[in-house]
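A short write-up of the structure that comes next.
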Amino acid sequence: MEVDMEVDDFVTKSQTFVSWLEKAGVTISDKIELADLRNRGAGRGVVARKDIAEDEVLFTIPRTSILSPETSALPKYITSSLEDPWLSLILNMIYEHQQGQASKWQPYLDILPQDFDTPMFWDEDTLSFLKGSAVLSKIGKSSADQSLTTQLLPIIRANDNLFYGNDVLDSELLALCHRMASTIMAYAFDLPSQDGPASEQEDGWEVDSNASTAATPKGMIPLADLLNANADLNNAKLYHTPDAVEMRSIKPISPGDELLNDYGPLPRADLLRRYGYTTDEYAKYDVVEIAEDLIFLPASKTLGLSTSALQERLDYLEEHDVLDTAYDISHCDSKELTTSPCPEELTTALNALALSAQDFKTLKTRSKLPKPDPNEKTCDLLREILERRGDMYLHNTYTLDQNAIDDMRKNWNLSKSGARRRLMALEVICGEKQVLAGARDWIEERRRGWSEAAYNKRQAEEKVDGARIGKKSKR
Ligand SMILES: C[S@@+](CC[C@H](N)C(=O)[O-])C[C@H]1O[C@@H](n2cnc3c(N)ncnc32)[C@H](O)[C@@H]1O
């Protein structure tokens, strides 16, 4: 009975939303429709009803229907003190949410999620399944609590004529702020300025996700944000025109196929942190982040560098923009020895550390950097660094996790959020361990290449020497 009511509610909300879109001036191609994808754990999505060619407009949304600080009925002066566009949008969404039926966006707000699977909402026990992943330090619950509490709550309290905050506890308001923040993280788009050169383009311009900064204005774009994502099957893209946004196909789409956006090359840890889900298609973007404290000091000890010598080299690398607080190790093909799993900056830095005092002095005099290609010494250092990094996970092997994942996928009830979250955590961890294992294999392969080359060289030298001796003895 409860399930049926839930189904009805889901369907009714979808229908009300679709009727609202029409009233809001959204034009939708008759080749697509909203779909219920809960059976594959993907909520709502948009699917093709008919064949769609490349570069067809799938829907157009007037800028006036985008929910943003520009369009919300919340007076502008309320958010004028907020420099962060995220905070501004959170406040505008809270305002529109509290307006209920009086809000222009109510049918849209009604279909947005109220619960999230992002680690921000996990309990400590479930979070412990992510042990070892750098994502744990990026969840940022306490810093979010801090900025929401110190920047938004006072504005809500001070404007009780606009917000319904007075009969609500701080903890409830904070929970509402978090809900809106998480919605924005998974649903909002960057909104490029209406002015500027891009608006002169005739065909509209696509949002360049690389150009996104913390200061780029954000907005909630109804329907555009109902597209799910797939790193491999991306077939639609959002374009901006001066007065509207358009979703267009970027390849032919067949009836029944889902319209899929691309959230960018996100490792599964970030997909989980921002969107609260993981899929295998994003496994290729998995990385292992290694913090500097696991790298330079331990490497200097292995190399027998004094503290002052280490500092001198780090200062030099800093001057040349090579130092970072952390480096990402990525997937690699261990047979493809030219493509390293380590970023060039890391290899360059380790090569600089491994130089003799005299060679480092010469490098400095010439104001040069070592090549980013690892040599035998740096490979040894890298091997140690990867070992140390691997020790941060619960088990330094991924077979155990892979078995657990297979078991969970087969036998666990994944409609329960606890089970789902544990599975996603394990997928993240297992992916990272696989990256580490690949990097280790790559290093071993490289070392094998060197040993073989050294062996062949020795053999060749011995042959030459043998021939010489032979010649001598003949004489
Ligand atoms: C921009 S919304 C897409 C619309 C969403 N499905 C809904 O029902 O509201 C992003 C959210 O959709 C879900 N999602 C997106 N792509 C997915 C996929 N390939 N598989 C499962 N869930 C996905 C995630 O929960 C994510 O946080």
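Values reported hereafter were calculated over all heavy atoms of this structure, with side chains retained and with hydrogens, waters and symmetry mates removed. Computed from a predicted model, the values in this text were never measured in an experiment. We count ligands from 1, going down the list as the structure has it; atoms in each ligand are counted the same way.
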ask   = Who pairs with Asn159 by side chain to side chain contact (heavy atoms under 4.5 Å, CB included), at least two apart in sequence or on another chain?
value = Ile78, Ile155, Asn161, Leu162, Phe163
inquiry  = Tell me which residues fall inside the under-4.0 Å heavy-atom shell around ligand 1.
reply    = Gly41, Ala42, Gly43, Arg44, Ala186, Tyr187, Asp225, Leu226, Leu227, Asn228, Ala229, Tyr263, Tyr275, Tyr277
inquiry  = Does the structure place the NZ or CZ of Arg179 under 6.0 Å from the centre of the six-membered ring of Phe121, at an angle of no more than 45° from the ring's axis?
reply    = no
key: Phe59 backbone acceptor or donor facing Thr27 side chain under 3.5 Å   = no
Single hit among Lys31, Arg248, Lys251 for salt bridge (charged side-chain N to carboxylate O under 4.0 Å, His left out) with Glu56 = Lys31
ask   = Hey, does the Lys NZ or Arg CZ of Arg274 hover above the aromatic six-ring of Tyr263, less than 6.0 Å from the centre and inside 45° of the axis?
value = no
query = Which class fits the ring pair Tyr275 and Tyr277: parallel under 30°, tilted 30 to 60°, perpendicular over 60°?
reply = perpendicular
